Amino acid sequence: MTTIIREIREQFNPAKPSQCIGQVELLTVDETKEVVTAANKAFEDWKNTSSVVRGELLRVTADLLEQNIDKVAETASNEMGKTKNEMIGEVKRGASILRYFAQEGMRATGEVLPSANEGKMLYTMRVPLGVVAAITPWNFPVAIPLWKIAPALVYGNTVVWKPSIESALTGKLIGELFEQAGIPKNVLTVVQGRGSKVGQVLLEAPEVKAITFTGSNGVGQSILDSAGSTKKKIQLELGGKNAAIILADADIHLAAKLTMEGAMKQTGQRCTATSRVYIEESVYDEVLARLIEEAREIKVGTSMGPVSSKGQYESILAAIEKAKLEGAKLVYGGGPTQGKSEGYYIDPTIFTNVTHAMGIARDEIFGPVLAVIKVKDYEEAIRLSNDSEFGLSASIYTNNIQKAFDFIQRSEVGLVQVNDETGGAEPQAPFGGMKNSSTGAREQGQAAKEFFTTFKTVTIRTQGM
Ligand code: NAD
């Protein structure tokens with residue numbers, strides 16, 4: 001008999017760190033290898049299951065997710081600090097993602113092409129890859145996993161999913177909903193564990209044919225270093241340092257409101273959060289005053305949750321201190337929220353006098369911190385907004401149609417917004433960035449097919465035999 005000793009991890013509520021909200025058993029390295037082997041075996045049947053049937057399974061999971069919306073939202077909110085309302089929005093989005101990809105099961109998976117040769121038929125078929133490893137972060141514990149798992153499954157792959165240990169209980173719940181929906185054994189397996197152990201097994205396992213990862217640039221780079229030479233397909237969705245530009249002709253009230261929402265929603269812990277704003281000098285004072293007013297409206301503890309963990313709390317506070325030392329001027333917030341006896345709460349924070357040499361203008365902080373920068377005109381704004389290693393999303397607020405189109409053309413990002421905040425994604429549209437924000441095919445929409453399938457090109461001699 002073999003005795004397996006697993007590490008037990010206790011999850012704590014970032015709003016009340018003294019409260020243990022549950023435990024999760026972390027898999028061993030050997031168990032993870034067994035999961036991958038089983039997923040590889042399950043692939044044989046799953047790839048031959050009709051895609052209509054595979055899609056139907058996603059639809060049933062969407063129904064179950066909606067029926068359990070309260071439980072999933074509550075669990076995730078307690079686990080990683082997002083407010084319950086924010087989580088309800090995310091769970092609804094998760095259900096839409098499942099429904100979109102459920103429909104994919106009924107769509108064409110190839111095309112017939114004209115052949116140059118008489119008596120030959122030429123066509124393409126999209127076929128699955130095999131075992132896909134999905135490695136996901138804690139900040140969208142429902143939507144991000146689903147926008148990887150749903151397309152992977154509907155196109156016929158089996159999936160081994162490693163959620164972040166910071167959102168492990170939510171991951172477990174999502175896995176159970178797929179089980180309830182009737183997913184065959186080993187077609188989707190949730191593996192709980194640390195990146196350095198369980199994650200590493202997924203990177204190295206020869207049966208894993210593709211890795212879809214969302215997370216930090218540091219871990220993304222280590223994935224490229226370890227799996228880059230293995231011929232696995234790799235998709236990395238990484239960090240952002242998203243800029244907004246507010247021009248003098250914009251609707252100033254709307255621009256300030258949406259910029260603040262973009263910066264502070266989900267306590268700034270979104271890869272698409274607005275973290276720099278460039279304001280034309282003629283309206284700078286007015287916009288800054290409005291931004292501060294908007295920040296005052298945020299009720300920390302109700303409309304804005306805590307940051308997700310002690311690690312996040314310390315790293316955001318350190319970034320704030322660094323900004324002060326580098327000479328940025330703190331005009332709002334700037335530290336732990338007063339009057340909270342516990343919880344990782346940080347005030348919405350605004351800095352001015354920011355230069356592009358400062359960390360606050362260049363590094364992803366992943367917290368409720370906004371850098372405000374005065375610019376002479378639109379040309380300076382676009383130049384500075386593009387001066388970043390990241391290229392995920394960017395916004396412009398303007399009523400000038402030429403400048404809006406110019407921005408769409410010249411902005412070096414994957415997601416461009418005009419008169420809206422930097423965040424936001426819909427399941428039917430491709431999602432992803434440029435520069436150091438993404439590597440590999442885009443996620444969601446029809447673009448997802450590029451990553452989760454490969455082609456077979458078929459030629460049939462129909463005459464002259
Ligand atoms: P992270 O990189 O720390 O972890 C992400 C996942 O990778 C987790 O499941 C973790 O366990 C795993 N991991 C860690 N080390 C690993 C290793 N050596 N091998 C394999 N797996 C490993 O990121 P996080 O803190 O969970 O999430 C925050 C980051 O995610 C931010 O940088 C944010 O910008 C980014 N993010 C990007 C997008 C996007 O679509 N571009 C969306 C959300 C979050």
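We count ligands from 1, going down the list as the structure has it; atoms in each ligand are counted the same way. By convention here, the first residue in the shown sequence is residue 1. Every value quoted in this text rests on a predicted model; they were computed, and no experiment measured them.
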Would you kindly say whether [X] and [Y] are connected by a side-chain donor-acceptor distance under 3.5 Å?
X	Y	result
Asn242	Thr274	no
Gln221	Asn217	no
Ser18	Glu342	yes
Glu237	Ser438	yes
Glu104	Gln446	yes
Asn436	Glu389	yes
Gln444	Arg442	no

Just need the protein heavy atom nearest to [atom], so name the residue and atom and give the distance.
atom	answer
atom 15 (N) of ligand 1	Val219 CG1, 3.5 Å
atom 27 (O) of ligand 1	Pro137 CB, 3.2 Å
atom 10 (C) of ligand 1	Lys162 NZ, 3.8 Å
atom 24 (P) of ligand 1	Trp138 NE1, 3.5 Å
atom 28 (C) of ligand 1	Phe366 CE2, 3.6 Å

Verify, without hydrogens or angle tests, whether [X] (side chain) and [Y] (backbone) share a donor-acceptor contact under 3.5 angstrom.
X	Y	answer
Lys233	Thr453	yes
Thr136	Ile144	no
Glu326	Gly359	yes

Nearest candidate to atom 3 (O) of ligand 1, where distance is taken over non-hydrogen atoms, out of Gly215, Ser216, Pro145: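 It is Ser216 that holds the nearest heavy atom.
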Winner among Pro141, Gly195, Gly311 once heavy atoms are compared against atom 22 (C) of ligand 1: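 Nearest heavy atom to atom 22 (C) of ligand 1 lies in Gly195.
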Protein non-hydrogen atom found under 4.0 Å from atom 7 (O) of ligand 1: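 Under 4.0 Å from atom 7 (O) of ligand 1, at least one protein heavy atom found.
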If you measure every N or O of [X] against every N or O of ligand 1, does any of those distances drop under 3.5 Å?
X	result
Ser437	no
Trp147	no
Leu238	yes
Asn217	no
Thr136	yes

Enumerated ligand 1 atoms positioned under 4.0 Å from heavy atoms of [X]:
X	answer
Pro163	9 (O)
Ile144	42 (C), 43 (C)
Asn139	43 (C), 44 (C)
Cys271	34 (O), 36 (N), 37 (C), 38 (C), 39 (C), 40 (O), 41 (N), 42 (C), 43 (C), 44 (C)
Phe431	40 (O)
Thr214	5 (C), 36 (N), 37 (C), 38 (C), 39 (C), 40 (O), 42 (C), 43 (C), 44 (C)
Phe213	2 (O), 5 (C), 6 (C), 7 (O)

Phe213 vs Trp161, ring pair (Phe, Tyr, Trp, His ring centres under 6.0 Å): CA-CA, chis, key distance, verdict: CA-CA 10 Å; Phe213 167 85; Trp161 168 34; over 10 Å; no
Closest contact, heavy atoms only, Ser77 versus Thr83: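 Residues Ser77 and Thr83, closest heavy atoms: OG-C, 3.9 Å.
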Counting only heavy atoms closer than 4.0 Å, does ligand 1 sit against the backbone of [X], its side chain, both, or neither?
X	answer
Glu364	side chain
Ser438	neither
Ile135	side chain

Pair Trp147 and Phe451, ring centroids less than 6.0 Å apart: no
Plane angle bin for Tyr313 and Tyr344 - parallel if under 30°, tilted between 30 and 60°, otherwise perpendicular: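 Correct class here is tilted.
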